[in-house]
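Values below: all heavy atoms of this structure, side chains included; hydrogens, waters and symmetry mates excluded. A, B, ... follow the sequence lines: proteins, then strands. Residue 1 opens every chain.
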2 protein chains.
Amino acid sequence: MGEGVEWALHCCVNLALAEPGPAVPAARLAGYYDLPPVYFNKQLQALARAGIVESLPGPRGGFRLARPPERITLMDVVAAIEGPEPAFRCAEIRRRGPGATAPAGDPAPCLIDEAMRSAEVAWRSALAARTVADIAGSVRDRTPGVPDRLRRWLAAPRA
Amino acid sequence: MGEGVEWALHCCVNLALAEPGPAVPAARLAGYYDLPPVYFNKQLQALARAGIVESLPGPRGGFRLARPPERITLMDVVAAIEGPEPAFRCAEIRRRGPGATAPAGDPAPCLIDEAMRSAEVAWRSALAARTVADIAGSVRDRTPGVPDRLRRWLAAPRA
DNA sequence: GCACATTTACTCGGATACTATATGTCCGAGTTCAAACGG
DNA sequence: CCGTTTGAACTCGGACATATAGTATCCGAGTAAATGTGC
């Protein structure tokens, strides 16, 4: 799985912790964890295309959550970065070669594909059950100093 | 996810359907679905290293299941091909840069990593609940012609 | 006819190229703000 | 003193290289069987 997934998740949680407040530039968000700023911007663009964050150009511009964090699940973020298609894609190899089963109107589904999809549904459901707001709330509860430090650092004129 | 996973899963089911019987060469197994024979052999080597299949060299050689199919879960096969490490690996980026939390003895776990691992456990559990014998049994039950055709084709002197 | 050495054919196994995806970087389009200018 | 114009700085956004992992292939080591030979 891509490394940018972790970046995007932390980013969304940080944006949730920063609310309410002005938009945050990508470079500032990246500098908080010493990430490559421009490539991180690329991931943010993917989040924007998915409608998770919105971008404001120009000075005082940057990124902001497009929805309240209660409406953003971890699954949404992962799908925005990694792509919506499932990790396991059945190529229907059983239809090829001498062992090909009934060619066209075969109603028997591929049992392996079925099992794989079932497992992936379990994964997706687990991720869809956790929202960005849940994570942010737990962070506020367990380590109250972290959100304050984050807001101060984001508000700092320059680093 | 790698394409070889699908190949390995179908291969294990076919080996289960072929039992009892002589060992099957990799090329024969690959030809059944018109797969690249040599690369498919590579995947079989991975299965052998994981102890799922055993290889016999020389004439009359080939591959055979190393355990009864009831003891082989889909998770075992996937882990053998894709590797045992989890798909999402937390790089602990929160420890880096100005936003670094308490450096060393920080007991607070990364909540994002926790959620991701939880979801991945759900995925692994779903795959571990299905065995190769289950799939093979369903195939025998739903499409009785398929196992017979497979055994005949594997026993054919040459194709 | 039988035992043995030899040859042969067949198998896996690891080492070696090629391709697609993910990672990292660069420069241009657009927008807002601030300052300078003129009335 | 106020409105307008002009400029500049800052932002995102897509287009362009590089590194890594997955895909595909080749050739050599090893083994069992079959064959030919001598007794």
Side-chain angles (χ1 to χ4, degrees), chain A residues 1-8 11 15 22-31 33-66 78 80-85 87-89 91 93 154 157-159, chain B residues 1-8 11 15 22-31 33-66 78 80-85 87-89 91 93 154 157-159:
Chain A
M1 179 169 299
E3 188 179 8
V5 173
E6 184 180 3
W7 303 356
C11 168
L15 282 178
V24 184
R28 181 64 57 101
L29 233 49
Y33 291 132
D34 266 344
L35 303 177
V38 197
Y39 184 41
F40 182 68
N41 186 15
K42 195 181 182 63
Q43 315 286 1
L44 283 171
Q45 289 178 29
L47 290 177
R49 271 190 291 271
I52 294 175
V53 302
E54 59 183 4
S55 65
L56 285 74
R60 305 272 179 170
F63 288 91
R64 193 183 309 178
L65 291 182
V78 172
I81 302 295
E82 206 69 5
E85 58 272 0
F88 178 85
R89 49 180 172 64
I93 62 172
L154 290 179
R158 258 177 199 293
Chain B
M1 181 169 299
E3 188 178 6
V5 173
E6 185 180 3
W7 303 356
C11 167
L15 283 178
V24 184
R28 181 63 57 102
L29 233 50
Y33 291 132
D34 265 344
L35 304 176
V38 196
Y39 183 40
F40 182 68
N41 186 15
K42 193 182 182 63
Q43 315 285 0
L44 282 171
Q45 289 178 28
L47 290 178
R49 271 191 290 270
I52 295 175
V53 302
E54 59 183 3
S55 66
L56 284 73
R60 306 270 179 170
F63 288 91
R64 192 184 309 179
L65 291 182
V78 172
I81 301 295
E82 205 69 7
E85 57 272 0
F88 177 85
R89 49 178 172 64
I93 63 172
L154 290 179
R158 261 183 194 291

Which residue lies more 5' along DNA chain C, comparing E82(A) with P25(B) via nearest heavy atoms: P25(B)
Could you state the atom-to-atom distance from CG of L44(B) to P of dA24(D) in whole Å? 15 Å
Whole angstrom is fine here: how far is it from CD in E6(A) over to C1' in dA22(C)? 16 Å
Give me the one residue out of I81(A), L35(A), L44(A) that meets side chain to side chain contact (heavy atoms under 4.5 Å, CB included) with W7(A). L35(A)
Rounded to whole angstrom units, what separation is found between the CD atom of Q43(A) and the P atom of dG13(D)? 14 Å
OP1 or OP2 of dG14(D) versus the side-chain N and O atoms of Q45(A): is any pair under 4.0 Å? yes
Give me each pair satisfying side chain to side chain donor-acceptor pair (under 3.5 Å) with a member in residues 35-56 of chain B, each pair once, sequence neighbours excluded. Y39(B)-Q43(B)
If I take atom NZ in residue K42(A) and atom P in nucleotide dC16(D), what distance separates them, rounded to the nearest angstrom? 12 Å
Which atoms of nucleotides 28-35 of chain D (N or O only) lie under 3.5 Å from a protein N or O atom, and what are those distances?
none

Under 4.0 Å from any atom of DNA chain D, heavy atoms only: list the residues of residues 33-41 of chain B that qualify, in numerical order. P36(B), V38(B), Y39(B)
Mind checking side-chain contact (heavy atoms from CB on, under 4.5 Å) for A50(A) and listing every partner two or more places apart, or none if nothing turns up? I52(A), A80(A)
List in chain and number order the residues that pass ring-ring contact (aromatic ring centres under 6.0 Å, His included) with F40(B), two or more places apart in sequence or in another chain; answer none if no residue qualifies. none
Roughly how many Å is it from CD1 in I81(B) to P in dA21(D), rounded to a whole number? 18 Å
My understanding is that only residues two or more places apart in sequence, or in another chain, count here; which of them pass side-chain contact (heavy atoms from CB on, under 4.5 Å) with A23(B)? R64(B)
Is the distance from OP1 or OP2 of dC12(D) to the nearest side-chain N or O of R64(A) less than 4.0 Å? no
Would you say a side-chain N or O of S55(A) is under 4.0 Å from OP1 or OP2 of dG13(D)? yes
